[in-house]
Amino acid sequence: MRNRTLKIVTTGIFAAMIAVMTAYICHIPYGANGGYIHFGDVLIYLAAVFLPRPYALAAAAIGGGLADLLTAPMWMPATVIIKMLIVLPFSEKSGKLLSARNMAAPVIALVISAAGYYVAEGLLFGSFAAPLMSLAGSLIQSGGSAVLFYAAAVLLERSHANTRIRMLLGIQ
């Protein structure tokens, strides 16, 4: 019971951090579509490598959805789906944050995110030509999030904090 409670609480903490990082910290609007560059995805990636998949999916959906509800509500439905999808390439099952799978995952997440927001923008605005201009922002955001994830993962592994966090959560 304690283990499950810790996972739920950690999921809530990740969701809150994702929302704040996405909505307010390094929040850089771009284009006329209401989109913005942020680095909240770094926290989604970290949730995906620390939490079992159902919890990571919840943290990503709640955190990303809440951020959009606070800043650009028209994007919320698409964001909830896209943020859940970018969790899928990651694995928390390896003892290492930078397993081969987790090294490739941010690149796959970049493709999922860019394609997801391209389709969402096309549907929202009725044109699939205009969203091409937004792809650069998606690439900057996702690429920057990937670099920051790699840096955070290296720091967490070198400091052995990842092992302590996994033990706390009951994940080996």
Open item on the list: With a 3.5 Å distance limit and no angle check, can you tell me whether E157 reaches the backbone of L98 through a side-chain donor-acceptor pair?
Closed with: yes
Task: Minimum-distance pair of heavy atoms, taken over all atoms of A19 and L66 - done: CB-CD2, 4.0 Å
Open item on the list: If you compare all heavy atoms of I18 against all heavy atoms of A59, which two are closest, and at what distance to 0.1 Å?
Closed with: CD1-O, 3.7 Å
Open item on the list: Less than 4.5 Å apart, side chain to side chain, heavy atoms only: is that true for Q141 and T22?
Closed with: no
TODO: Consider only side-chain heavy atoms of I, L, V, M, F, W and Y, link residues closer than 4.5 Å, and tell whether V147 and I140 are in one cluster.
DONE: no
Open item on the list: Distance check, rounded to the nearest 0.5 Å: M76 atom CE versus L69 atom CG?
Closed with: 5.0 Å
- [ ] Compare every heavy atom of D41 with every heavy atom of K83, then report the nearest pair and how far apart it is.
- [x] NZ-OD1, 2.8 Å
Open item on the list: Nearest 0.5 Å, please: how far is CD in E121 from CE in M74?
Closed with: 8.0 Å
- [ ] Verify, without hydrogens or angle tests, whether S113 (side chain) and A109 (backbone) share a donor-acceptor contact under 3.5 angstrom.
- [x] no
TODO: May I ask you to test the P106-Y45 pair for a side-chain heavy-atom distance under 4.5 Å?
DONE: yes
Task: For P73 against P77, the heavy-atom pair lying closest together - done: O-CD, 4.0 Å
- [ ] State whether the side chain of Y55 and the backbone N or O of I8 hold a donor-acceptor pair below 3.5 Å, judged by distance alone.
- [x] no
TODO: Nearest 0.5 Å please: distance from the CE atom of M17 over to the CD1 atom of I25.
DONE: 10.5 Å
Open item on the list: Same cluster or not: V80 versus L123, using hydrophobic residues (I, L, V, M, F, W, Y) connected whenever any side-chain heavy atoms lie under 4.5 Å apart?
Closed with: no
- [ ] List the atom of L6, the atom of L168, and the distance in Å for their closest heavy-atom pair.
- [x] CD1-O, 3.1 Å
Open item on the list: Membership question, hydrophobic clusters at under 4.5 Å side-chain separation (ILVMFWY): are L110 and W75 in the same one?
Closed with: no
TODO: Please check if the side chain of R53 supplies one atom and the backbone of S91 the other of a donor-acceptor pair under 3.5 Å.
DONE: no
Task: Atom pair CG (L156) and CG (L46), whose distance is rounded to the nearest 0.5 Å - done: 6.5 Å
- [ ] Look at the side-chain heavy atoms of Ile, Leu, Val, Met, Phe, Trp and Tyr, link any pair under 4.5 Å apart, and say whether L88 and I62 land in one connected group.
- [x] no
Task: Any donor-acceptor N/O pair, Y118 side chain to F128 backbone, under 3.5 Å - done: yes
- [ ] Measure the shortest side-chain to side-chain distance between M103 and Y150 over non-hydrogen atoms and say whether it is less than 4.5 angstrom.
- [x] yes
- [ ] Measure the CG-OG distance between L43 and S145 for me, rounded to the nearest 0.5 Å.
- [x] 9.0 Å
Task: Atom pair CE (M21) and CG (L148), whose distance is rounded to the nearest 0.5 Å - done: 8.0 Å
TODO: Starting from the C-alpha separation in whole Å, work towards a yes-or-no answer on side chain to side chain contact (heavy atoms under 4.5 Å, CB included) for Y117 and T79.
DONE: CA-CA 8 Å; Y117 282 110; T79 291; 2.7 Å; yes
Task: Smallest separation among heavy atoms of N102 and K96, with atom names - done: ND2-O, 4.0 Å
Task: Linked, directly or transitively: V111 and I44 (ILVMFWY side chains, under 4.5 Å) - done: no
Open item on the list: Contact between L97 and F50 at the side-chain level, heavy atoms closer than 4.5 Å - yes or no?
Closed with: yes
